[in-house]
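Only one structure is covered here, and it is reproduced in the block below.
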Amino acid sequence: MGVKAVSFLGNVIWFLCAGAWQGLAWFATGVLWCLSIVGIPVGRQCFKLSALSFCPFGRAVEAGGGAVSFLLNLVWLAFSGWWLALASAGLGLLLCLTVVGIPFGLQCLKLARLALMPFGAKIVRVD
C-alpha cells in the first residue's frame, strides 16, 4: 500500500474512533466565536482546525506567528483552548493505552498541543 492509501485508511478509522467528536467540538466552538463580529477571525481558525480534526493523517502542523498571534492565543486559551486541549489530551492518553491505538493517540496529542496555541500555526500536507 502507498502512503496515500495508508493515510486514507488511517483517516477513516480515526474519524470513526475519535475524529468525528473532535471535529464537531472544533466546529461548534467556531460557530460560538462567530456569533460576535469580533470573534469571526477566531471562528474561521476553528473551522480550519475542525477540518484537520476530521482527517489529521497526511497533514502536519508548522508553528509560527508573531505578536498578534501570541495575543490571540492568550485570549483563545482563556476562553476556549483549555477545554479542547484537555479533551484531546485525555482521549489521546486513553488511545495510547493499547498498541493499536498509539497512532491515533499521537494524533490526539498533536491536536491537544494545537488547541493550546492555534494562531500562527500552519497546516501542511505531508506526502
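Counting from 1, the numbers follow the sequence of the chain as shown.
- Applying the 4.5 Å side-chain rule to ILVMFWY residues, one finds that L93 remains a lone member of its cluster.
- Note on F57: it clusters hydrophobically with L49, by side-chain heavy-atom contacts below 4.5 Å among ILVMFWY residues.
- Listed by chain and residue number, S53 satisfy the side-chain hydrogen bond (donor to acceptor under 3.5 Å, both in side chains) test with W26 (two or more places apart in sequence, or in another chain).
- With rounding to the nearest 0.5 Å, the separation of OG in S7 from CZ in R59 is 9.5 Å.
- Q45 contributes a side-chain N or O that, together with a main-chain N or O of P118, makes up a donor-acceptor pair within less than 3.5 Å.
- Shown here for L91 and A18, the closest heavy-atom pair between the two residues is CD2-CB, 3.4 Å.
- Note on W82 and L114: same hydrophobic cluster, where clusters join Ile, Leu, Val, Met, Phe, Trp and Tyr whose side-chain heavy atoms are under 4.5 Å apart, directly or indirectly.
- With sequence neighbours excluded, no residue satisfies side-chain hydrogen bond (donor to acceptor under 3.5 Å, both in side chains) with S50.
- For F8, there are no ring pair (Phe, Tyr, Trp, His ring centres under 6.0 Å) partners at least two apart in sequence or on another chain.
- Across every non-hydrogen atom of I123 and K48, the tightest pair is CD1-O, 4.1 Å.
- In this structure, F70 is not a member of the same hydrophobic cluster as L77, with clusters built from ILVMFWY side-chain heavy atoms closer than 4.5 Å.
- For L72, the side-chain contact (heavy atoms from CB on, under 4.5 Å) partners are V42, V68, F119, not counting sequence neighbours.
- Applying the 6.0 Å contact sphere to CG of L35 captures more than 12 heavy atoms from other residues, nucleotides or ligands.
- The nearest pair of heavy atoms linking G30 to C46 is CA-CB, 3.5 Å.
- Hydrophobic cluster membership of F27, counting Ile, Leu, Val, Met, Phe, Trp and Tyr whose side-chain heavy atoms lie under 4.5 Å apart directly or via other members: V31, F47.
- The cluster map of Ile, Leu, Val, Met, Phe, Trp and Tyr, joined by side-chain heavy atoms under 4.5 Å apart, puts F15 and L24 in the same cluster.
- Considering only heavy atoms from C-beta on, V75 stays 4.5 Å or farther from L71 through its side chain.
- How far CD of Q107 is from OG of S88: 11.0 Å, rounded to the nearest 0.5 Å.
- The CZ atom of F104 sits 10.5 Å away from the CG atom of L106 when rounded to the nearest 0.5 Å.
- The two residues W76 and L116 come nearest to each other via the heavy atoms CD1-O, 4.0 Å.
- Nearest approach of G105 to C96, heavy atoms of both residues: CA-SG, 3.7 Å.
- L9 and L52 fall within the same hydrophobic cluster, defined by Ile, Leu, Val, Met, Phe, Trp and Tyr side-chain heavy atoms under 4.5 Å apart, directly or through other members.
- In terms of heavy-atom proximity, P56 sits nearest to N11 at N-OD1, 3.2 Å.
- The main-chain N or O of S80 is found under 3.5 Å from a side-chain atom of W83 such that the two form a donor-acceptor pair.
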